[in-house]
J.: 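This is the structure, below, for whatever I ask next.
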Amino acid sequence: MRDVLRGARPLDWDVATDARPDELLALLPGARYENRFGTVAVPRPDGTHEVTTYRQDGTYTDHRRPDDVSFGTTLGADLARRDFTVNAMAIPLDGEGRPGALVDAFDGRADLAAGILRAVGDPATRFREDALRMVRAARFAATLGFRVEPATRAAMETEASLVAHVSVERVLAELARLLAAGRPSPGLRVAEESGLLRVIAPELARQRGIPQDKSPREDLWDHTCRTVDAAPGTRCDGLPLARFAALLHDVGKPATFADGHFVGHDTIGAEMATAWLEAMRAPRTLTTRVAHVIRHHMFGYTPDWSDAAIRRFIRRIGPGDLDLLFDLRAADNVGSGRPPGAGKLDELRARCREQLAARVALERGDLAIDGTDLLYALSIGPGPAVGRILDGLLERVLADPMLNDRERLLAIARDLHRDSGDLRRDSGDLRRDSGDLRRGRNP
């Protein structure tokens, strides 16, 4: 009901009933019992709908899920176990599916109109039942633009440590929803100020108080929040990759802070981002790509870069990660109080696109010859030498794309092979000479 009253389209509907699961299974063809909490999945042409029997929860020993549940008979008792007042409203339907009057025993509609997030009943009790509710409060602060009312906020500060009991997958899912908001920083600030961030990501919590010579009167955490807001929230593989990269791009700064500088924070930050994302059991793609652009986000472009330098830059970053890197750098610029395109970023982006449009060779597979061609042309067997020659050819083609021609590459390959043979013979002579000297001989 929350989204309907806000004039937004609901992503899904929560359907509750006094009918027991076994009754639902008998009434609804194809229905299946999902779990012990009374949820029944009902297949329909437009998808699967979940219907849950009214229930009352028992104790929450692990602060994640009730130890036991008992099925109830009233809607009011079912709503009383919800997390926040704005989520504890319902519209009853009669036997013909006609809606009745709004059921709102906890003044959720008034809180919704005021933009207030308030726990149902005693907030500390709600958070001890399921500690993830505190992370959801931070998420709603971002996605709905709500402010957390004082008593609920105070309970979050008192109970923040309980989030350690929640599975990292659930926490990461809530964080991903928070980061996908139009403006994530209000939720991030709620997480930091309530102490949740110290539990979820202590590496990020350490940014508070670290000075930044960027925007006046702002510290490193302020810079991170501004950078996250400036990053695009578009999803890739279902996740806001640029927002995750923005959140973690300076995670290595507190560990490298010395004399007002952060030497090597990009390298250290990439390692720390990898460790944190792996600990949160993030998808491998998210972890790899985010760490990669963090490692390279401190590049320094100047207009005197040659086209060959642009091609080597593309190869180092990878064509698939260029836009992610540029989006991160643009957001970092904004977070530093500069225009998004500062540092000739737009020019670099255009030059990279120009090279990609020309379909220049960037990988071994882009060369006009392959390893099999080398085996026959050079009469050599498989081995590391083939890879070294291909790398040498690619380096020359990066410098001059016109060389990516079969005959030209074979000629260069013959030279590389011959030179490598001479080098091996020279190395062998040096080793023999060195051995003679150790034995006291005059070579």
J.: About how many Å separate CZ of F244 and CZ of R289, when rounded to the nearest 0.5 Å?
T.: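 The CZ atom of R289 sits 13.5 Å away from the CZ atom of F244.
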J.: Between N404 (side chain only) and A368 (backbone N and O only), is there a donor and an acceptor less than 3.5 Å apart?
T.: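 Checked: pair present.
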J.: Between CD1 of I210 and CG of D222, what distance do you get to the nearest 0.5 Å?
T.: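 One finds 12.5 Å between CD1 of I210 and CG of D222.
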J.: Could you walk me through whether D229 and S185 pass side chain to side chain donor-acceptor pair (under 3.5 Å), step by step?
T.: CA-CA 6 Å; D229 281 348; S185 62; 2.5 Å; yes
J.: Can you run down the ring pair (Phe, Tyr, Trp, His ring centres under 6.0 Å) pairs that involve residues 178-202, sequence neighbours left out, and say none if there aren't any?
T.: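 Not a single pair qualifies under ring pair (Phe, Tyr, Trp, His ring centres under 6.0 Å).
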J.: Applying ring-ring contact (aromatic ring centres under 6.0 Å, His included), name anything that partners H297, two or more places apart in sequence or on another chain.
T.: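 ring-ring contact (aromatic ring centres under 6.0 Å, His included) list for H297, sorted by chain: H249, H265.
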J.: Over all heavy atoms of both residues, which pair between R235 and A176 is shortest? Give the atoms and the distance, please.
T.: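 Result for this residue pair: NH2-O, 4.4 Å.
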J.: Look up atom OG1 in T52 and atom CG in D78, then write down how far apart they are to the nearest 0.5 Å.
T.: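 The distance works out to 8.0 Å.
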J.: Determine whether a donor-acceptor pair (N or O, by modelled atom type, separation under 3.5 Å) exists between the side chain of R133 and the backbone of R126.
T.: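 Checking the backbone N and O of R126 against the side chain of R133, a donor-acceptor pair under 3.5 Å is found.
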J.: Could you work out, with side-chain hydrogen bond (donor to acceptor under 3.5 Å, both in side chains) as the rule, every residue matching D373, not counting sequence neighbours?
T.: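 Testing D373 for side-chain hydrogen bond (donor to acceptor under 3.5 Å, both in side chains), a comparison that skips the adjacent residues, returns R406.
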J.: Salt bridge check, D400 against R408: does any charged N sit closer than 4.0 Å to a carboxylate O?
T.: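 Looking at R408 and D400, the cut-off is not met.
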J.: Report the residues that fulfil side chain to side chain contact (heavy atoms under 4.5 Å, CB included) with A137, sequence neighbours left out, ordered by chain and then residue number.
T.: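 Side chain to side chain contact (heavy atoms under 4.5 Å, CB included) check on A137 returns F84, L117, M156.
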J.: Which pairs pass side chain to side chain donor-acceptor pair (under 3.5 Å) with one or both residues in residues 134-143, sequence neighbours excluded?
T.: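 Counting only pairs at least two positions apart or across chains, the side chain to side chain donor-acceptor pair (under 3.5 Å) contacts touching residues 134-143 are D83-R136, R139-E174.
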J.: Could I get the full list of ring-ring contact (aromatic ring centres under 6.0 Å, His included) partners for F326, not counting sequence neighbours?
T.: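 ring-ring contact (aromatic ring centres under 6.0 Å, His included) list for F326, sorted by chain: empty.
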J.: What is the minimum heavy-atom distance between A124 and E159, and which atoms define it?
T.: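 For A124 versus E159, the nearest heavy atoms are CB-OE2, 4.0 Å.
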J.: Check R206, R208, K253 against D219 for a salt bridge (charged side-chain N to carboxylate O under 4.0 Å, His left out) and give me the one that passes.
T.: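 The passing option is R208.
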J.: If you count heavy atoms of other groups shown closer than 6.0 angstrom to CZ of R281, is the number above 12?
T.: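 Not more than 12 within 6.0 Å, no.
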J.: Please list, chain by chain and in numerical order, all residues satisfying side-chain hydrogen bond (donor to acceptor under 3.5 Å, both in side chains) with D323, sequence neighbours excluded.
T.: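 None.
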J.: Is there side-chain contact between L378 and I389, with heavy atoms separated by less than 4.5 Å?
T.: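 With C-beta onward as the side chain, the pair touches.
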J.: Checking A160 now: which residues fulfil side chain to side chain contact (heavy atoms under 4.5 Å, CB included) with it, not counting sequence neighbours?
T.: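 Side chain to side chain contact (heavy atoms under 4.5 Å, CB included) list for A160, sorted by chain: L196.
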J.: Give a yes or no answer on whether the side chain of W221 reaches the backbone of R189 with a donor-acceptor pair at less than 3.5 Å.
T.: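 No; judged by distance alone, with no hydrogens or angles, the pair does not exist.
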J.: Determine, step by step, whether R359 and D366 satisfy the salt bridge (charged side-chain N to carboxylate O under 4.0 Å, His left out) criterion, reporting the C-alpha distance in whole Å, the side-chain angles of both residues, the deciding distance to 0.1 Å, and the verdict.
T.: CA-CA 9 Å; R359 299 186 179 277; D366 298 328; over 6 Å; no
J.: With a 4.5 Å limit on heavy-atom distance, are the side chains of F299 and L345 in contact?
T.: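 They are in side-chain contact.
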J.: Check whether any side-chain N or O of T227 sits under 3.5 Å from a backbone N or O of A246 as a donor-acceptor pair, and report yes or no.
T.: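 Not a single qualifying donor-acceptor pair exists.
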J.: Which residue pairs pass the salt bridge (charged side-chain N to carboxylate O under 4.0 Å, His left out) test with at least one member in residues 308-317, sequence neighbours excluded?
T.: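 Every salt bridge (charged side-chain N to carboxylate O under 4.0 Å, His left out) pair that includes a residue of residues 308-317, provided the two are not neighbours, is R312-E395, R315-E363.
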J.: So do T288 and R284 actually touch side chain to side chain, heavy atoms under 4.5 Å?
T.: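 Touching, per the 4.5 Å side-chain cut-off.
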J.: Would E129 and R81 pass as an ion pair if we require N to O under 4.0 Å?
T.: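 Result for this pair is no, no salt bridge flagged.
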J.: What heavy-atom pair brings L403 and I412 nearest, and what distance separates the two atoms?
T.: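 Answer, listing the atom of L403 first, then I412: CD1-CD1, 4.2 Å.
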J.: For P340, what residues pass the side chain to side chain contact (heavy atoms under 4.5 Å, CB included) criterion, not counting sequence neighbours?
T.: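 Listed in chain order: A330, V334.
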J.: Test: side chain to side chain donor-acceptor pair (under 3.5 Å). Region: residues 192-205. Which pairs qualify, not counting sequence neighbours?
T.: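 For residues 192-205: R153-E193.
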J.: Is the closest side-chain heavy-atom distance between L172 and E169 below 4.5 Å?
T.: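 Of all side-chain heavy-atom pairs linking E169 with L172, none is under 4.5 Å.
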J.: Please identify which of these residues, I116, V190, T152, meets the side-chain contact (heavy atoms from CB on, under 4.5 Å) condition with R147.
T.: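 Among I116, V190, T152, the one that satisfies the side-chain contact (heavy atoms from CB on, under 4.5 Å) with R147 is I116.
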J.: With no hydrogens and no angle check, is any side-chain donor or acceptor of D332 less than 3.5 Å from a backbone partner on M298?
T.: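 It does not hold such a pair.
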J.: Hey, could you give me the CG/CZ distance between N87 and F140, rounded to the nearest 0.5 Å?
T.: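 Here the rounded value is 4.5 Å.
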J.: Does the side chain of L239 come within less than 4.5 Å of T285's, by heavy atoms?
T.: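 No, their side chains stay 4.5 Å or more apart.
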J.: Provide the closest heavy-atom pair for I380 versus L374 in the form atom of the first, atom of the second, distance.
T.: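 Where I380 meets L374 most closely, the heavy atoms are CG1-O, 4.1 Å.
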J.: Examine distances only and state if a side-chain atom of R6 and a backbone atom of L112 form a donor-acceptor pair shorter than 3.5 Å.
T.: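 Between the backbone of L112 and the side chain of R6 there is no qualifying donor-acceptor contact (under 3.5 Å).
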J.: With a 4.5 Å heavy-atom cut-off, do V199 and M134 have their side chains touching?
T.: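 Side-chain contact under 4.5 Å: no.
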J.: Under the rule for side chain to side chain contact (heavy atoms under 4.5 Å, CB included), what residues qualify as partners of E50, not counting sequence neighbours?
T.: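 E34, T39.
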J.: With rounding to the nearest 0.5 angstrom, report the CG to CG distance, L410 to D415.
T.: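 Here the interatomic distance stands at 11.5 Å.
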J.: Would you name the heavy atoms of P303 and R351 that are closest together and state the gap between them?
T.: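 Heavy atoms only, the tightest pair is O-NH1, 3.6 Å.
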J.: Just so I know, are the side chains of T274 and T287 near enough to count as touching, which here means a heavy-atom distance under 4.5 Å?
T.: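 Yes. Closest side-chain heavy atoms under 4.5 Å.
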J.: Does the side chain of Y301 reach to within under 4.5 Å of the side chain of F313, using non-hydrogen atoms?
T.: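 No, too far: nothing below the 4.5 Å cut-off.
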J.: Which atom names give the shortest non-hydrogen contact between P43 and A41, and what distance separates them?
T.: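 What the structure gives for the nearest pair is CD-O, 3.7 Å.
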J.: For the pair R243 (side chain) and A231 (backbone), establish whether a donor and an acceptor sit closer than 3.5 Å, ignoring hydrogens and angles.
T.: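 Yes, the answer is positive, given that a donor and an acceptor are paired below the 3.5 Å cut-off.
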J.: Quick check: are there more than 12 heavy atoms from other residues, nucleotides or ligands sitting under 6.0 Å from CG of D259?
T.: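 Result for CG/D259: open.
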